[in-house]
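What's counted below: heavy atoms across the whole structure, side chains too, no hydrogens, waters or symmetry copies. So that the names make sense, note that chain A is the first sequence line, chain B the second, and so on, each numbered from 1.
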Amino acid sequence: MSKDFVFSTREKDYSKWYNDIVEKADLAEHSAVRGCMVIKPYGYSIWEKMQAALDKMFKDTGHVNAYFPLFIPKSFFSKEASHVEGFAKECAIVTHYRLKNDEGGKGIVVDPDAALEEELIIRPTSETIIWNTYRGWIQSYRDLPVLVNQWANVVRWEMRTRLFLRTAEFLWQEGHTAHATAEEAVSEAEKMLDVYADFVENWMAVPVLKGVKTPNERFAGAIDTYCIEALMQDGKALQAGTSHFLGQNFAKAFDVKFAAKDGKLDYVWASSWGVSTRLMGALIMAHSDDAGLVLPPKLAPIQVVIVPIYKNEEQLKQISEMVAGIKKSLEAKGITVKYDDRDNIRPGFKFADYEFKGVPLRIAIGGRDMENGTAELARRDTMTKETVKQTDLVEKIEKLLIEIQSNLYTRAINRRKAATHTADTYDDFKKMLDDKGGFIYAHWDGTSETEQKIKEETKATIRCIPLNNKKETAKCIYSGKTSTQRVVFARAY
RNA sequence: CGGGGUGUAGCGCAGUUGGCUAGCGUGCCACGUUCGGGACGUGGAGGCCGGAGGUUCGAGUCCUCUCACCCCGACCA
């Protein structure tokens with residue numbers, strides 16, 4: 001037993017626990033650049049699985065991928081007023097295009113003679129460059145809809161960063177669609193919200209709340225912002241994805257018009273939608289425990305790890321032969337298997353290591369198993385072990401992977417249920433927040449002022465107004481004014 | 001941008017009122033014994049003490065300046 005393997009617990013220090021998991025499960029690390037992370041191979045392969053699943057869902061709903069530039073001319077930004085305002089404070093700007101050797105011998109310096117005519121903004125999001133491009137693509141209703149997605153990196157110069165949850169540079173996808181009617185653009189935004197909810201619930205096994213943002217929380221430049229909100233184990237909410245109905249704001253800013261059937265010219269209607277590497281943060285915080293990362297089988301880079309237990313070379317050879325067969329039949333079922341036969345590391349270490357990395361299932365095979373025709377099968381989600389006949393192994397594992405996936409979802413939804421409350425008075429509301437956070441349904445008078453006050457006093461924000469919300473008349477918990485529905489408050493990431 | 005903290009071996013740290021060859025744990029390499037829940041022995045490699053300047057016979061240690069990163073706030077996905 002080595003004492004170096006003591007990690008922080010959720011109870012003791014939640015944010016340290018989170019950082020420990022990210023670092024020690026080999027997901028990511030801080031880079032030499034402030035606020036930017038290196039996503040390590042194990043972490044990146046989870047992201048790749050997310051990408052693959054999402055990309056297929058986008059294509060299945062009629063979208064195609066394209067790529068737009070990293071750099072955006074500064075002037076583009078000022079064309080949509082609220083959009084500039086939303087992003088101005090966190091933009092990285094390219095001002096020069098050349099370096100030179102300092103004549104004073106101070107090394108490499110920026111060549112002052114190489115200033116750009118017009119500065120370039122490193123995209124914090126691509127609406128402007130894309131809508132400027134769409135102007136050339138769209139002339140008539142026959143060119144619509146345009147249903148384009150891009151996978152890209154973006155930069156938002158954040159003051160404070162946390163691995164995956166908020167980094168200065170992050171990876172994401174952004175869909176940008178153009179439509180002939182407002183209804184169509186709205187239903188596109190709603191459709192993509194459903195796609196996100198479907199992905200997060202069925203692949204990540206994280207339950208989400210679908211809703212609309214209040215004007216305060218809305219995307220800069222949008223008419224309406226839809227979102228999916230997930231609840232983390234510490235009672236804080238995390239926005240897992242958003243889609244926006246942009247109206248004609250960007251079409252007007254970039255003069256994108258189309259000729260309708262009747263020949264009349266009108267501005268195009270738009271939507272945009274995105275999810276980012278932030279989903280990794282949601283994934284980690286939704287399922288992991290004090291023994292490390294817990295991954296849903298559908299996103300686990302390794303679904304089954306096999307660890308041999310042996311006393312000598314000869315025995316290892318026998319076990320390896322046996323394992324080769326098992327591995328092959330598992331792989332034939334599309335299951336990702338790793339056989340870890342490293343001989344410089346003992347089995348106990350491997351057990352703990354794969355637990356920390358969240359591998360859903362572990363098979364251990366030793367001398368006793370060889371005699372009995374069995375294997376020890378351990379589940380990461382419940383930390384339970386059982387002895388299984390080798391002949392039943394493949395079938396058993398197939399079933400278990402499905403069961404683990406659904407168990408994680410059930411567990412998460414139960415946690416959310418336990419952390420969801422309704423408050424009828426402001427005192428109760430504050431008590432609930434300080435007690436253990438969570439989602440709090442409360443009446444709100446619909447004004448930004450009230451929302452702002454509550455935020456200042458409690459740090460809780462309105463996460464969303466749930467879609468298909470039940471209407472009921474009551475008093476706002478803060479102002480006492482009439483309210484027509486409960487909205488969802490929480491402290492958030 | 002305010003407050004706090006940290007820079008010494010890959011990682012985690014110690015280093016006394018300035019003192020001679022800068023240490024510990026872990027990891028790494030070699031060999032051997034081990035292997036059913038984080039093994040052990042022996043030997044070995046590994047350092048511009050974040051950077052610049054200063055004080056001093058002598059600086060990891062004292063002074064000044066600087067850089068970087070982390071944490072907590074304000075701002076944001």
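For RNA chain B, the residues of residues 305-314 of chain A within the heavy-atom distance limit of 4.0 Å (strictly under) are A:I309, A:Y310, A:K311, sorted by number. Near RNA chain B, meaning a heavy atom under 4.0 Å away, there are no residues from residues 73-88 of chain A.
Counting only N and O atoms by type, the side chains of A:Y493 and A:D234 include a donor and acceptor under 3.5 Å apart. Residues A:E80 and A:S82 have side chains that bring a donor and an acceptor to within less than 3.5 angstrom of each other.
For A:K389, there are no side-chain hydrogen bond (donor to acceptor under 3.5 Å, both in side chains) partners two or more places apart in sequence or in a different chain. Considering only residues two or more places apart in sequence or on other chains, A:S75 meets the side-chain hydrogen bond (donor to acceptor under 3.5 Å, both in side chains) condition with A:E118.
Counting atom types as modelled, A:R34 pairs no side-chain N or O with a base atom of B:C69 as donor and acceptor under 3.5 Å. In terms of polar N and O atoms assigned as donor or acceptor, the side chain of A:K385 never comes within less than 3.5 Å of the base of B:G36 in a complementary pairing.
The strand RNA chain B forms stems, runs of 3 or more Watson-Crick or G-U wobble pairs with distances below 3.5 Å, at B:1-7 with B:67-73, B:10-13 with B:23-26, B:28-33 with B:39-44, B:50-54 with B:62-66.
Centroid-to-centroid, the aromatic rings of A:F164 and A:W47 stay 6.0 Å apart or farther. Ring centers of A:H83 and A:F250: under 6.0 Å apart, within the cut-off.
Counting non-hydrogen atoms of other residues, nucleotides and ligands closer than 6.0 Å to CH2 of A:W172 gives a total above 12.
For A:D353, whose side chain is taken as the heavy atoms from C-beta onward, the closest listed nucleotide among B:A77, B:G38, B:G36 is B:G38. With B:G36, B:C76, B:G38 as the candidates, the nucleotide lying closest to the side chain of A:E158 is B:C76. Candidate nucleotides B:G38, B:A77, B:G36 were compared by shortest atom distance to the side chain of A:A352, and B:G38 ranks first. Here the side chain of A:E355 is nearest to one of B:C35, B:G37, B:A77, namely B:G37. Distance from the side chain of A:K89 is smallest to B:C75 among B:C75, B:A77, B:C71. When distances are taken from the side chain of A:A364 to each of B:C76, B:G36, B:G37, the shortest belongs to B:G36. Here B:C70 is the nucleotide among B:G36, B:G38, B:C70 with the atom lying nearest to any side-chain atom of A:H30.
Residue contacts for A:L165: at a heavy-atom cut-off of 4.0 Å it reaches a base atom on one of the strands shown. Nucleic acid contact class of A:T167 (heavy atoms, under 4.0 Å, all strands): base. At the heavy-atom level, A:R362 lies under 4.0 Å from base atoms of the strands shown. Counting any heavy atom pair closer than 4.0 Å across all strands shown, A:K236 reaches no nucleic acid atom.
For the pair A:R362 and A:F351, the cation-pi test (distance below 6.0 Å, angle within 45°) is passed.
Between the P atoms of B:G7 and B:C63, the separation comes to 15 Å (whole Å).
Take the nearest nucleotide of RNA chain B for A:I365 and for A:A492: the residue whose nucleotide is more 5' is A:I365. Across the interface with RNA chain B, nearest-nucleotide mapping of A:R346 and A:K459 shows A:R346 to be the residue nearer the 5′ end.
Under the side chain to side chain contact (heavy atoms under 4.5 Å, CB included) test applied with A:D224, the options A:K213, A:R218, A:E190, A:H244 reduce to a single match, A:R218. For the side chain to side chain donor-acceptor pair (under 3.5 Å) with A:D289, the lone residue among A:R380, A:Q233, A:R10 that qualifies is A:R380.
The phosphate of B:G38 (OP1 or OP2) has no side-chain N or O of A:K24 nearer than 4.0 angstrom.
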Stepwise ring pair (Phe, Tyr, Trp, His ring centres under 6.0 Å) test for A:F245 and A:Y226: CA-CA 8 Å; A:F245 168 55; A:Y226 303 88; 8.2 Å; no
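Contacts classified as ring-ring contact (aromatic ring centres under 6.0 Å, His included) and involving residues 17-38 of chain A (residues at least two apart or in different chains) are given here: A:Y14-A:W17.
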